[in-house]
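Sequence positions, counted from 1, serve as the residue numbers for this chain.
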Amino acid sequence: MAVGRGVVRGSRAAKGMTYRMVAPTLLLLVFVTTAVLLYGDSFASVGLERTYIASGHVHAYMARTFLALRPTSDPLRAKADNLFKQVKDQIAIVNAYASFARKAKLDMVKEVRVFSDQGRNYTELLERPENRAMLESGSIDEENLRSFEREIRERMRITRQAILDAKELFDNQLKIQKLKDTIFAVNDQLSKAKKQGAFSSLIAAKSIPKSLHCLSMRLMEECIAHSETCAQDKPAPELEDPKLYHYAIFSDNVIATSVVVNSLIKNCKDPKKHVLHIVTDKMNLAAMRTWFKLRPPGKAHIDVKAVEDYKFLNSSYVPVLRQLESANLQRFYFENKMENATKDSSNMKFRNPKYLSMLNHLRFYLPEMYPNLHRILFLDDDIVVQKDLTGLWEIDMNGKVNGAVETCFGSFHRYDKYMNFSHPLIKARINPKACGWAYGMNFFDLDAWRREKSTEEYHYWQNLNENRTLWKLGTLPPGLITFYKTTKPLNKSWHVLGLGYNPNISIDKIKSAAVIHFNGNLKPWLDLAMNQYRDYWTKYVDYEMEFVQLCNFGL
């Protein structure tokens, strides 16, 4: 029983102890709560601190939870706290923009300055004595608060405008899209400019310069006044002597042909062993003959004929003559509207009416034109000879028909550049990666030509291409396919190309070449020729000739 009473007394003592500890705390909480409701937050902070010290963490947590439920006693204080928070947020924002702009270095110097200045302005606003007093003191002046709010709103407006003005610089997606739009616009302008340039160049290439027209007219006038100057000479035996060096030049351009002949004769070792076969059209025959009567090529032999003199060249035998009678093809060549003429920009260079001339296709009929010859060197009228070419006759052709300089390097100027390899016949017969070669200086073994029946091969492919489905235009593609397996590559120093379109040809390469070729639209007799190459051609122009002077040619 004693033990039981002891336990009861101990339990009562413990309860008394607990009551004595909790009761003061509850009274203190009631006191603090009442004081807060009466005197505001300043008293609450003191009371909470004392409560925390006196009663421990649990009691402080209870006090904070209880006070959180109290209604706001001072709306001015709440408004001031909110405004100060907004200012600090704005400082963080402008500092972030300034930091980003600073990393962009020189691209955004202006933006670094703008946002750094705004950050300092916001900080200065907080540091003003009246504003700091409002933040630290218990009482708030309503007029000061309104002035503070107005200034914050104005500065925030300025910040929003600055961010809006700099949006394109900070929005990467917007910057990327704007860059893409700019690229597309520039590409579109570049494409239009290229087409305009190609069309203008084509018009210039089609046109006959006034001086060239004048020269032809003067020569024809001389022929009419003195018929002996353009009379046909009796055929000399040397013209068919296979032991001599024979050249074929097909052109309607008198001055260009004269440069080829002059450069050839001046650089050959023994002119009397060289025979020049010049073929022009009926309209320019008198002018061409008159020129070479007045300006004969020294001891070399020359024969000037018209393409009409070769009676076998008619539309019943020559496929291209039949095709050239097509109205659609003629309209294609003579299209004068830029939007139509530039539709097929990759083949713009072939839209030259010279391709309508049979002179451009005579090269496929050399064995029939010169039946007694074994070998002949074909020369375009836009070339200049710089060295003796007789070494070509010493080359072993190994049974090949055509000796030519290859023009491919890397993936450029391969057969797939010229042929339509989506056509099954082309795909089955031709290797698309076969190396292309150049027309302009071609050494032909006429005996091998006859043996390989190359003219018949040319007719076969030309007939198949009547609708231009195998290749577009020009004479190089049919040449490539006709002599596909019968071409012997020559050393590149024999023939350097590109002086009519490429401004970056090495001068050393030009000087070491046996023949230089002004292939392209920028012919040396045109005003649009490239000046850095023009002297290689003009040095062989006969400026002492009376009619050249009268026509102010090249002066």
Determine yes or no for a side-chain-to-main-chain donor-acceptor pair under 3.5 angstrom, with [X] supplying the side chain and [Y] the backbone.
X	Y	value
S258	I255	yes
K266	V261	no
H301	K272	yes
K293	E228	yes
N465	T469	yes

Could you tell me whether [X] and [Y] have their ring centroids closer than 6.0 angstrom?
X	Y	result
Y540	W525	no
Y370	H246	no
F444	F483	yes
H459	Y365	yes

Spatial distance of atom [atom1] ([X]) from atom [atom2] ([Y]) [nearest 0.5 Å]:
X	Y	atom1	atom2	value
M530	K523	CE	NZ	10.5 Å
L497	M441	CG	CE	9.0 Å
I383	I249	CD1	CD1	7.0 Å
Y533	L522	OH	CG	10.5 Å
M419	I430	CE	CD1	6.0 Å
W393	I376	CH2	CD1	8.0 Å

- Has R429 got its NZ or CZ under 6.0 Å from the middle of the six-membered ring of Y484, at an angle within 45 degrees of the ring axis?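 No, R429 does not lie over the aromatic ring of Y484.
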- Query: Do the side-chain N and O atoms of S251 and N253 include a donor-acceptor pair separated by under 3.5 angstrom?
  - Reply: no
- Message: Would you say S316 and N314 are linked by a side-chain donor-acceptor pair, where the criterion is simply a distance under 3.5 Å?
- Response: yes
- Query: Which heavy atom in V260 sits nearest to a heavy atom in V385, and how many Å separate them?
  - Reply: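 Residues V260 and V385, closest heavy atoms: O-CG2, 4.5 Å.
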- Message: Minimum heavy-atom separation for S216 and A287, please, with both atom names.
- Response: O-CB, 3.9 Å
- Message: Tell me whether the rings of F364 and Y458 are parallel (<30°), tilted (30 to 60°) or perpendicular (>60°).
- Response: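 The rings of F364 and Y458 lie parallel, inter-plane angle below 30°.
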- Message: Taking side chain to side chain contact (heavy atoms under 4.5 Å, CB included) as the criterion, tell me which of N420, L464, I481 meets it with L470.
- Response: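 That would be L464; it is the only one of N420, L464, I481 passing the side chain to side chain contact (heavy atoms under 4.5 Å, CB included) with L470.
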- Which one of D181, N187, V186 satisfies the side chain to side chain contact (heavy atoms under 4.5 Å, CB included) criterion with I183? N187
- Task: Run the salt-bridge test on R450 and D447 with the 4.0 Å N-O cut-off and return the result as yes or no.
- Result: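 Yes.
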- Query: Do D380 and R363 sit within salt-bridge range, that is, some charged N less than 4.0 Å from a carboxylate O?
  - Reply: yes
- Item | More than 12 heavy atoms of other groups within 6.0 Å of M217 CE | yes
- Task: In sequence, state the C-alpha distance, the side-chain angles, and the governing distance for T390 and D388, and then conclude on side chain to side chain donor-acceptor pair (under 3.5 Å).
- Result: CA-CA 6 Å; T390 54; D388 183 74; 2.3 Å; yes
